[in-house]
Amino acid sequence: MSSIQTAYDELQKGRLVVLTDDLHSPYVSYFIGALDKVDTELVNFMIKVGKGLVYAGISREQAKRLNLPFMSDRENQDGATVS
């Protein structure tokens, strides 16, 4: 079974997987979870163990409705909202 299939299966079970940008650097990796399966316990785990920011993918329309300003003012750039 491929590592992608294994990761997909774990996400479908409501588990987190670790995504690593660079296998030679232990400092660049992320906990990934399926948004519809992540609960408060998993978010707490990500904050405590990951010790970084928690990202949630939302649409531009949702961000505007929630009055979350974007970090970049460029309309054509997908970006993150301010913390």
Side-chain angles (χ1 to χ4, degrees):
M1 186 180 312
S2 75
S3 59
I4 293 173
Q5 183 64 50
T6 301
Y8 178 81
D9 292 343
E10 292 299 303
L11 291 169
Q12 292 304 306
K13 293 175 188 173
R15 296 182 179 144
L16 299 175
V17 297
V18 177
L19 176 66
T20 304
D21 280 350
D22 181 357
L23 292 176
H24 303 291
S25 173
Y27 305 109
V28 185
S29 51
Y30 308 90
F31 287 119
I32 306 291
L35 185 59
D36 63 336
K37 300 199 185 312
V38 171
D39 60 14
T40 55
E41 285 184 33
L42 287 177
V43 172
N44 189 44
F45 175 83
M46 289 187 274
I47 292 168
K48 282 184 171 180
V49 176
K51 300 184 189 285
L53 296 174
V54 175
Y55 297 93
I58 62 172
S59 69
R60 248 180 211 285
E61 292 75 26
Q62 288 171 314
K64 287 180 182 178
R65 184 174 47 81
L66 295 170
N67 202 24
L68 297 172
F70 288 91
M71 288 185 186
S72 172
D73 289 333
R74 290 189 268 168
E75 282 296 320
N76 62 348
Q77 179 179 354
D78 291 334
T81 63
V82 295
S83 298

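Keep in mind that this is a model prediction, so the values were computed, not measured.
Within the model, atoms CZ of Arg60 and OG1 of Thr81 stand 10.5 Å from one another, a figure rounded to the nearest 0.5 Å. Going from atom OH of Tyr55 over to atom CG of Leu53 covers 4.5 Å, rounded to the nearest 0.5 Å.
By the 4.5 Å heavy-atom criterion applied to side chains, Gln62 and Arg65 are counted as neighbours.
With sequence neighbours excluded, no residue satisfies side-chain contact (heavy atoms from CB on, under 4.5 Å) with Thr40. For Asp39, the side-chain contact (heavy atoms from CB on, under 4.5 Å) criterion is met by Glu41, Leu42, not counting sequence neighbours. In this structure, the side-chain contact (heavy atoms from CB on, under 4.5 Å) partners of Val17, at least two apart in sequence or on a different chain, are Ala7, Glu10, Leu11, Ile32. Evaluation of the ring pair (Phe, Tyr, Trp, His ring centres under 6.0 Å) rule for Phe45 yields Phe31 as partners, not counting sequence neighbours. Here Lys48 pairs with Asn44 under the side-chain contact (heavy atoms from CB on, under 4.5 Å) rule; sequence neighbours left out.
Through direct or indirect side-chain contacts shorter than 4.5 Å among Ile, Leu, Val, Met, Phe, Trp and Tyr, Leu68 is connected to Ile58, Leu66.
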*Check against side-chain contact (heavy atoms from CB on, under 4.5 Å), Lys37 and Gln12*: CA-CA 8 Å; Lys37 300 199 185 312; Gln12 292 304 306; 4.2 Å; yes
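Tyr8 and Ile4 are not part of a single hydrophobic cluster, where members link through side-chain heavy atoms under 4.5 Å apart. Linking Ile, Leu, Val, Met, Phe, Trp and Tyr whenever their side-chain heavy atoms come within less than 4.5 Å leaves Tyr30 and Val49 in two separate clusters. Two different hydrophobic clusters hold Leu35 and Val18 under the rule that ILVMFWY side chains link at heavy-atom gaps under 4.5 Å.
Pairing each heavy atom of Ser29 with each of Thr20, the nearest pair is CB-OG1, 3.7 Å.
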